[in-house]
Colleague: 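One structure is given below, represented as structure tokens, and several questions about it will come after.
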Amino acid sequence: MMVDLDPSGQVTQKEPDRQKRQFLNYAFYKLSPEFRRLHAELRAEIRAEFQEAVEKWLEAPPEAGRILRTYSLVGTRSEVDFMLWRIAFDVRDFNDAQALLNQTRLMGYLTQPYNFISMQKRSQYVNRVEGSGHGLELLPGQGTYLFVYPFVKTRAWYDLSPHARQGMMDEHIYASNPFKGIRLNTSYSYGIDDQEFVVAFDSDYPQEFVDLVARLRHTEASMFTLTDTPMFTCIKKDVEGLLQDLG
């Protein structure tokens, strides 16, 4: 059965699941215009210092499972300029990452308008769908674009029976099925951040993503969406490339 008849564990008293999982950090940064008034040679020096600090975070034992994907949002959002997508098995690794950046001169010119934390786990709705992006391990950043947003369901959603929710999610999955050029990664933020989920759609085809979202607006499950903004269109670039976009 795909349906978990007691997803809350209140009836069956399920034991806590303490298996190792991937944690995700979507860290968005905005550059102050003052930086662009510095001399060109100094800007280049500061960018290089920052790049070294970003990449130094990856110098960890393989068992730490650290993964980094980097994106520019110059031209796609007004309040953010770039995003660092970090993945690790320990939340404290995100603390280490930001501590490294805080020691650089560029952080004196950066603010962080958004910072989302979430965790990867298997979905109760699609745990038999291969390649659904809901598995226990995440392979991120395969496409040119990443479309990211925090997501919250209404409390009425949790009052529905498991079978009712499953039926709506079956419709949701069926409506999404033709869009093969998009990989969905859903992660969970219950108790560790303000939103309930962070969803990230990985694709080379922004036009296909627009059509997918439009189609999903017509599904019954969409009636139980409380918030799904802000939405971020992120363009995959290496660290040097996104820093060059800053000026």
Side-chain angles (χ1 to χ4, degrees), residues 4 6-10 13-30 54 57-58 60-61 63-71 73 77 79-80 82-102 107 110-127 132-141 146-159 162 165 169 183-202 221 224-232 234:
D4 186 343
D6 179 33
S8 68
Q10 294 180 82
Q13 288 294 293
K14 294 178 182 178
E15 292 296 319
D17 180 2
R18 295 177 178 173
Q19 66 180 314
K20 185 167 69 171
R21 304 182 195 171
Q22 290 173 305
F23 289 87
L24 296 82
N25 175 214
Y26 299 85
F28 293 86
Y29 297 87
K30 176 66 177 179
V54 171
W57 183 72
L58 293 173
E63 56 267 25
R66 291 183 179 182
I67 299 172
L68 174 68
R69 298 291 185 266
T70 55
Y71 297 85
L73 287 93
R77 290 289 298 198
E79 76 275 44
V80 291
F82 67 93
M83 189 268 284
L84 304 180
W85 186 11
R86 308 178 184 113
I87 300 171
F89 288 120
D90 193 328
V91 173
R92 292 171 294 184
D93 288 7
F94 305 145
N95 175 256
D96 294 343
Q98 189 58 46
L100 285 169
L101 300 187
N102 287 345
M107 274 308 303
L110 292 173
T111 57
Q112 204 169 349
Y114 303 101
N115 188 69
F116 304 125
I117 298 288
S118 56
M119 181 189 69
Q120 193 76 348
K121 70 173 185 174
R122 191 173 299 282
S123 169
Q124 69 188 74
Y125 302 111
V126 294
N127 57 11
S132 63
H134 290 264
L136 294 177
E137 295 223 1
L138 180 66
L139 183 63
L146 190 72
F147 305 98
V148 180
Y149 55 88
F151 188 77
V152 179
K153 288 282 194 182
T154 65
R155 289 302 175 97
W157 172 258
Y158 298 99
D159 195 42
R165 291 198 303 270
M169 291 308 298
R183 179 180 175 87
L184 167 61
N185 295 298
T186 299
S187 52
Y188 299 75
S189 299
Y190 294 110
I192 58 175
D193 208 341
D194 293 347
Q195 68 281 340
E196 294 177 348
F197 313 90
V198 179
V199 290
F201 296 84
D202 201 9
F224 294 89
T225 298
L226 181 63
T227 59
D228 58 359
T229 57
M231 294 186 174
F232 303 94
C234 311

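This structure is a prediction, so every number in the text was calculated from the model and none was measured.
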Colleague: Are Trp157 and Glu196 side-chain neighbours, meaning at least one heavy-atom pair lies under 4.5 Å?
Modeller: no

Colleague: Using the test side chain to side chain donor-acceptor pair (under 3.5 Å), find all partners of Gln112 that sit at least two apart in sequence or belong to another chain.
Modeller: Asn115

Colleague: Quick one: does Leu110's side chain get under 4.5 Å of Phe82's, heavy atoms only?
Modeller: yes

Colleague: Taking the side chain as every heavy atom from C-beta outward, state whether Thr225 and Phe151 have any atom pair closer than 4.5 Å.
Modeller: yes

Colleague: Is the closest side-chain heavy-atom distance between Glu79 and Phe28 below 4.5 Å?
Modeller: no

Colleague: Applying the ring pair (Phe, Tyr, Trp, His ring centres under 6.0 Å) test to Phe197, which of Tyr26, Phe116, Tyr188 qualifies?
Modeller: Tyr188

Colleague: Do Asn185 and Trp85 touch side chain to side chain, with heavy atoms closer than 4.5 Å?
Modeller: yes

Colleague: Can you find a heavy atom in the side chain of Phe232 that is under 4.5 Å from one in the side chain of Tyr114?
Modeller: yes

Colleague: Which residues pass the side chain to side chain donor-acceptor pair (under 3.5 Å) test with Asp90, not counting sequence neighbours?
Modeller: Arg92

Colleague: Only counting residues at least two apart or in another chain, list the ones meeting side chain to side chain donor-acceptor pair (under 3.5 Å) with Tyr29.
Modeller: Arg86, Gln98

Colleague: Would you mind reporting whether Tyr149 and Phe201 have side-chain heavy atoms less than 4.5 Å apart?
Modeller: yes

Colleague: Quick check: does any side chain N or O of Asp202 sit under 3.5 Å from a backbone N or O of Arg183, one acting as donor and the other as acceptor?
Modeller: no

